[in-house]
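Each remark here refers to the structure printed beneath this line.
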Amino acid sequence: RNRQQRQTRDGDYQRGSRQRQQRRVSEIDPDADDEDYAPPRSSRQQSNKNAESSSRRNKKPDGIYMGEKLVAPDDFNGPTHNRKCTDVFFSLLILSMWIALSFLGYYSITNGNVAILLNPMDFDGNICGLDHNGVDMRNYSYLYTINYWHTGICLSECPSLTVDNTTEDNNTSGGTINTTNALNTTTVLSDVHTLITYGGIHQIEGAILEPDFIEIPSFYLNTSNPDALRCDDGNYDMCFTDGDVTQSWSSEGINKGKGFAYYVGESRPILKYCTITASASLSIEEQVKDNATLTFVDTGITLWKNIYSDIYTARLYVFGVGFGVGILISFIYIIILRLPCLLNIVVWGSVLASIALIALGGVYALQTAEVWENEDPQHWSDTQILLTRYFAYALMGCSAIAFVIMICLRREIQLAIGCVKETGKAVSRMPMIMAVPIMQGLAFVVFTLAFCIYGLHLASLGEIRVNSFTIPPVFGDSIEIPYRTYHFDDFTTYAAWAMLFCFFWTANFIIAAGDMIVALAIAKWYFTRDKRKMTPAVASSIGNVLFYHLGTVAFGSLVLAIVQFMRAILARIQNRAKKVGGKCGSQVATVLLCCCQCCLWCFEKCIQFINKNAYIQTAIFGKPFCAAARDAFYLILRNMGRIGAVSFVSGFVLVIGKLFISVSTTTVAYYLMVEYIADELHSLAAPTVLVFLIAYFLADMFLDVFEIGLSAILQCFVADEEMFDGADCYAEGSLQNWIDKYQE
């Protein structure tokens, strides 16, 4: 009974103290809001709270050093105002790297010719559209690809198969008719009786195109050129055995896409490469395939060529919807996250909507596959229809798994919403903080533009070398198929690796600078009693980081860049090991390299975590990188339970937001592409995946403000508890309640 009476008196005292404090605030400002003012807690209330937190922190394994408890400076009033420049050496080091990169770029621009890379190269090393090495191809800017190595001959334009119906003896039996117009001409998809070879045009009986349907450079018609191979060598036809089209695919000349000749199909220019359309490719396959023996081979080169073609064809939908709709949904989502009254609805709505969109995407893909299968004539191959159906089943399975996970984590999601609410309060008080990711994006675009210009000119310093592929003989001697490739000397190779390291360092530097700016602004918000009277924290945070802590940002980003560079070198070694193949030793080496790559990936994630928290410590106390990383590590170690748990579930809520933005944007783009350009694509997979990646990148960039803000608030909270044990804490009651509730 006595204990109950004491608890009642304590509760009455705390409520009365709170009311007296609020009355004092009201006398100062009648319009004051409870959530804008964090009064000091009573010593009794604070002692109870800190006694509980101290007991939790003291429960640690014996023998493990947890670091020294944080002690607040005598004049502590939020993040330090007496800052000094930190890690100056590394700011000078990254500046030196940028100067060296500029000199390398100047050398590359002066000595290279980027037009060599931007224009395609034919089988003989001539550059389409340029006067190069004494061969004038300025009037022939387009490359018609003939074989596996993505090489061919230069043409003045890409073939457009239009047949004049008024010509005598003209027929379209050798191709698939596409359209017939009022000018009495017919557009066909392909002519499998007409081939484009290294040595010009080759036709047999049944061809529907005129021999001069396209202009061929005289260079290829020169019979003295041994590399300009032709189908008719005077003894037999190396492309059409016995004049049979169905046997041509396996002939010496075509050689399943690895020869010196290929069929003529309707094509369109994509970055000066004549790419056969999806409908024309299907038409060719249907005409040359022998159902008993032949399978149309799809090589890796052809796959990437089709992917590139689809992305180029759908570029307006990919980049227009990906960036436009992605940015719009990201902004709307962030605005809603700033409204505490809507946060529960938004988060749970995002979870359910993401699951529903994935399920609906599966249903839509399944219906699309059924429509394609029932078309007459069928425009999509059986393989594409089967893959679409498997994709639909995968989506529906993922939605079911996601629904089960949501049910299991419903309590954790609800608790994480409370922590996100606190971050939303800070963002609401400092709306200019949303300009930080925009500035980061602009800085990254400027650097990437310069990097690409330097890199293209550096790559143009490569040497063109002759390679060949041997075709086994059928009737006569074996045939050497020539093609050209680029090779680089040691200087160019080492310079390319140096540029890659510069890219890693600079990209991480831009991200880290934005993270420290956000962390400093959030820390200023947290350690302010009366948040209604805050000075512009974002502008001052930008100034503090730029003037005092760029060295620390450069130091942390350098450590991360070194790990990423090691992973890039290891990936290069992995690629070399895969090319060896077939031997037991190489297989063991491949497994070991994969294990090393996995370990480096884990190490990279650890470095990212340490860096982020070190930046927060620097933002609060103005310490250099090493000291900040050490203090942050021990602070988190002493409070690992609360920080780890709350960070995990809160991060999960943000991941849901990223997925919602990405899935919503991708759904819009997929629907538009199916409705308007599906027939022009080999597959919808590549454009759809690219839209998803663009939308996810944008969502990650904008929600990164909430992610680093949440980490900063949690670290400020535990530092607040340690520094003001038994004294006046800055934490608001709602934040304390949410974190303690999860701890329970």
Side-chain angles (χ1 to χ4, degrees), residues 87 89-90 93-94 97-98 100-101 440 444 447-448 451 455 488 490 493-516 551-581 583-618 624-630 632-634 636-637 640 643-644 647-648 651-652 654-655 658 689 693 696-697 700-701 704 707-708 711:
D87 302 305
F89 171 76
F90 293 96
L93 190 62
I94 194 171
M97 183 195 66
W98 289 336
L101 177 65
Q440 283 180 290
F444 188 77
F447 170 74
T448 303
F451 179 85
F488 304 99
D490 291 341
T493 302
Y494 294 145
W497 281 106
M499 287 189 63
L500 180 63
F501 179 78
C502 179
F503 179 83
F504 286 149
W505 193 0
T506 306
N508 290 321
F509 178 85
I510 294 172
I511 296 172
D515 288 348
M516 185 175 285
T552 299
V553 172
F555 192 177
S557 57
L558 172 62
V559 176
L560 185 58
I562 291 174
V563 178
Q564 292 173 339
F565 188 68
M566 293 171 60
R567 290 191 62 197
I569 295 175
L570 190 60
R572 177 73 171 178
I573 298 174
Q574 283 181 287
N575 188 41
R576 293 286 182 88
K578 288 181 180 179
K579 290 182 178 180
V580 174
K583 299 180 181 179
C584 180
S586 65
Q587 294 176 356
V588 173
T590 301
V591 173
L592 292 177
L593 289 172
C594 288
C595 293
C596 293
Q597 187 71 264
C598 181
C599 292
L600 281 177
W601 179 84
C602 295
F603 184 57
E604 178 185 349
K605 296 303 178 183
C606 293
I607 294 296
Q608 288 177 341
F609 178 79
I610 293 173
N611 283 3
K612 179 179 69 173
N613 291 283
Y615 299 147
I616 297 172
Q617 280 288 310
T618 300
F625 179 78
C626 291
R630 179 197 61 207
F633 176 78
Y634 286 125
I636 294 172
L637 189 63
M640 67 175 74
I643 290 182
S647 296
F648 175 77
F652 178 72
L654 296 179
V655 169
K658 296 174 185 178
V689 171
L693 294 177
Y696 190 87
F697 172 78
D700 181 71
M701 183 178 69
D704 185 62
E707 186 173 354
I708 189 67
S711 299

Separation between CZ of Arg567 and CD of Glu604, rounded to the nearest 0.5 Å: 5.0 Å
Sub-4.5 Å side-chain heavy-atom contact between Val563 and Phe504: no
Heavy-atom side-chain contact between Thr590 and Gln574 under 4.5 Å: no
Nearest non-hydrogen partners of Ser557 and Ala554, listed with the distance: OG-O, 3.0 Å
pair Ile94-Leu558: side-chain heavy atoms closer than 4.5 Å: no
Shortest non-hydrogen contact from Ala632 toward Ala614: CB-N, 4.1 Å
Heavy-atom closest contact (Pro624 atom, Thr552 atom, distance): CA-OG1, 4.1 Å
Spatial distance of atom CZ (Phe451) from atom OG1 (Thr506) [nearest 0.5 Å]: 9.0 Å
Non-hydrogen side-chain atoms of Arg576 and Ile573 separated by less than 4.5 Å: no
Exceeds 12 heavy-atom contacts within 6.0 angstrom, atom CZ of Phe697: no
Contact check, side chains of Glu707 and Lys658, non-hydrogen atoms, under 4.5 Å: yes
Donor-acceptor pair, side chain of Asp700 and main chain of Tyr696, under 3.5 angstrom: no
Test item: Gln440 side-chain N/O and Ile510 main-chain N/O as donor-acceptor pair under 3.5 Å: yes
Check: Asp87 side chain, Val553 main-chain N or O, donor-acceptor pair, under 3.5 Å: no
Side chain proximity check, Asp704 to Asp515, heavy atoms < 4.5 angstrom: yes
Check: Asn575 side chain, Ala571 main-chain N or O, donor-acceptor pair, under 3.5 Å: no
Donor-acceptor pair, side chain of Ser711 and main chain of Ile708, under 3.5 angstrom: no
Distance, nearest 0.5 Å, that separates CG of Asn611 from CD1 of Ile511: 11.5 Å
Centroid separation Phe509 to Trp98 less than 6.0 Å: yes
Separation of Trp505 CH2 from Leu500 CG (nearest 0.5 Å): 14.5 Å
Shortest non-hydrogen contact from Thr618 toward Ala628: OG1-CB, 3.3 Å
Listed partners of Trp497 passing ring-ring contact (aromatic ring centres under 6.0 Å, His included), at least two apart: Phe565
Approximate separation, where rounding is to 0.5 Å, of Leu560 CG and Lys605 NZ: 9.0 Å
Lys612 side, atom NZ; Gln617 side, atom CD - distance, nearest 0.5 Å: 13.5 Å
Note, Cys626 side chain near Phe555 side chain (heavy atom, < 4.5 Å): yes
Met516 and Ile616, any side-chain heavy atoms less than 4.5 Å apart: no
Exceeds 12 heavy-atom contacts within 6.0 angstrom, atom CE of Met566: no
Greater than 12 external heavy atoms within 6.0 Å of Phe633's CZ: no
